[in-house]
Amino acid sequence: MTPSRSIGVTLPEGAAPIIRASLAADSLPVARWLLNKLVVRGSRVGRIVEVEAYRGENDPASHAYRGETPRNATMFGPPGLLYVYFTYGMYWCANVVCGDEGNARAVLLRALAPVAGLAEMQAARPTARRERDLCNGPAKLCQALGVRGTLDGADLVTGDSGIALADDGVLPPRRPGIGPRVGISAGVDLAWRFWVPGDPNVSTTPRVR
DNA sequence: CTTTGGATCGTCT
DNA sequence: GACGATCCAAAGG
């Protein structure tokens with residue numbers, strides 16, 4: 001066995017770091033590729049089961065549509081960064097920046113399947129009654145993992161800020177669920193939301209059959 | 001199960 | 001001054 005190179009978080013048994021080149025592609029293929037990858041945050045681990053692609057300045061639903069601002073600056077950075085934004089006056093949401101630097105492509109993490117650190121997740125989300133309520137929404141998973149604005153710009157490849165992506169060999173679904181993105185008012189005709197079919201942690205809002 | 005409305009504040013018009 | 005890449009509790013079926 002070749003030991004994996006060490007990164008800034010302790011990876012679960014059998015999981016390896018990801019390489020940055022995996023994220024240096026458009027947000028549509030990267031979104032599908034991210035399904036079933038792991039998010040590692042201290043002892044808390046979740047498997048990505050639902051995502052949405054955003055396509056920078058070409059995408060009317062993207063925060064980057066009207067160009068770079070202090071808020072969205074991380075989206076314009078290199079692939080592998082975490083873009084964290086504050087919304088509705090009280091919630092944080094997290095994206096994986098992908099594509100080439102300056103393109104502002106990103107993939108919104110919409111739901112995780114809890115894998116480890118469930119007690120910590122529950123403590124961070126007292127209102128969750130069932131296990132599938134811990135991470136079945138973009139702001140819920142940030143609460144469960146303790147992701148806040150201080151992690152905006154964190155490098156998910158090196159894990160230097162205490163959060164990283166990892167791959168334990170579970171492949172993305174051959175045929176993901178595909179449907180329109182949630183909670184947007186422009187670009188609603190585009191089917192840029194992807195999920196792991198049948199996973200109980202997929203967010204329940206607008207489901208396409 | 002579904003629908004509805006309130007909470008709450010940074011960002012950009 | 002309006003509007004969110006949301007969540008939750010409450011009320012109705």
Side-chain angles (χ1 to χ4, degrees), chain A residues 23 26-28 30-32 34-35 39 46 48-77 79 81-99 103-114 121-154 156 176-196 198 200-209:
Chain A
L23 300 172
D26 184 73
S27 47
L28 288 168
V30 170
R32 292 180 185 79
L34 282 171
L35 290 176
V39 179
I48 299 170
V49 297
E50 183 185 356
V51 294
E52 284 175 358
Y54 286 86
R55 288 187 98 204
E57 297 176 280
N58 303 315
D59 178 1
S62 171
H63 290 168
Y65 185 51
R66 296 177 200 284
E68 184 172 348
T69 67
R71 180 205 199 193
N72 65 24
T74 297
M75 286 185 83
F76 289 81
L81 300 190
L82 187 70
Y83 166 50
V84 181
Y85 68 89
F86 186 64
T87 193
Y88 290 105
M90 58 192 118
Y91 296 117
W92 299 97
C93 294
N95 295 250
V96 177
V97 175
C98 59
N103 281 1
R105 303 295 158 98
V107 176
L108 173 69
L109 301 178
R110 280 202 60 92
L112 307 177
M121 292 182 185
Q122 177 67 59
R125 282 189 38 73
T127 59
R129 295 178 158 260
R130 307 164 299 181
E131 185 175 317
R132 64 177 176 271
D133 295 323
L134 289 172
C135 298
N136 64 344
K140 295 178 187 179
L141 69 90
C142 284
Q143 287 183 335
L145 296 181
V147 171
R148 316 178 47 198
T150 50
L151 283 177
D152 181 44
L156 295 167
I178 302 178
R181 296 173 291 182
V182 176
I184 55 171
S185 54
V188 291
D189 50 316
L190 303 170
W192 287 357
R193 174 184 180 224
F194 306 95
W195 63 89
V196 175
N201 299 281
V202 171
S203 69
T204 53
T205 27
R207 266 222 199 166
V208 177
R209 312 222 159 241

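Values in this document were obtained by computation on a predicted structure and should not be read as measured data. Each chain gets a letter, A, B and so on, in the order its sequence line appears, and its residues count up from 1.
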Please determine if a side-chain N or O atom of A:Thr87 lies less than 4.0 Å away from the OP1 or OP2 oxygen of C:dA5. no
Taking the six-membered ring for Trp, does A:Phe86 stack with B:dG10 (centroid gap under 5.5 Å, planes within less than 30°)? no
Show every donor-acceptor pair shorter than 3.5 Å between a side-chain atom in residues 83-96 of chain A and any protein atom, with sequence neighbours excluded, or say none if there are none.
unit_1  : atom_1 : unit_2   : atom_2 : d
A:Tyr83 : OH     : A:His63  : ND1    : 2.9
A:Asn95 : OD1    : A:Leu108 : N      : 3.4
A:Asn95 : ND2    : A:Tyr83  : O      : 3.4

Strand contacts (DNA chain C) in residues 57-64 of chain A, 4.0 angstrom heavy-atom criterion: A:Ala61, A:His63
Strictly below 4.0 Å: does A:Arg110 bring a side-chain N or O up to OP1 or OP2 of C:dT6? yes
Mind checking whether A:Arg181 and A:Val188 have side chains closer than 4.5 Å, heavy atoms only? no
Which part of the nucleic acid, if any, lies within contact of A:Arg125, taking any heavy atom under 4.0 Å across all strands shown: a base, the sugar-phosphate backbone alone, or nothing? sugar-phosphate
How would you label the contact of A:Ile184 with the nucleic acid (heavy atoms, under 4.0 Å): base, sugar-phosphate, or nothing? sugar-phosphate
Would you indicate which nucleotide in C:dC8, C:dA5, B:dA7 comes nearest to any side-chain atom of A:Met90? B:dA7
Please report the distance, rounded to the nearest Å, between CD in A:Glu68 and C1' in B:dC12. 15 Å
Taking the minimum atom-to-atom distance to the side chain of A:Lys140, which one of C:dC8, C:dT6, B:dC12 wins? C:dC8
Could you write out DNA chain B as dot-bracket? Rules: Watson-Crick or G-U wobble, both distances under 3.5 Å, brackets [ ] for crossings, | for pairs with another strand, dot for unpaired. |||||||.||||.
Determine, answering yes or no, if A:Tyr88 is stacked on C:dT6 under the 5.5 Å centre rule and the 30° plane rule. yes
Pair A:Asn136-A:Ser203, side-chain donor/acceptor within less than 3.5 Å: no
What's the closest nucleotide to the side chain of A:Tyr54 if the choices are C:dC7, C:dA5, B:dT13? C:dA5
Using atom types as modelled and distance alone, determine if a side-chain donor or acceptor of A:Arg105 lies under 3.5 Å from a backbone N or O of A:Asp26. no
Atom OH of A:Tyr65 to atom P of C:dC3: distance rounded to whole Å? 18 Å
Answer yes or no: does a side-chain N or O of A:Ser185 lie under 4.0 Å from OP1 or OP2 of C:dC3? no
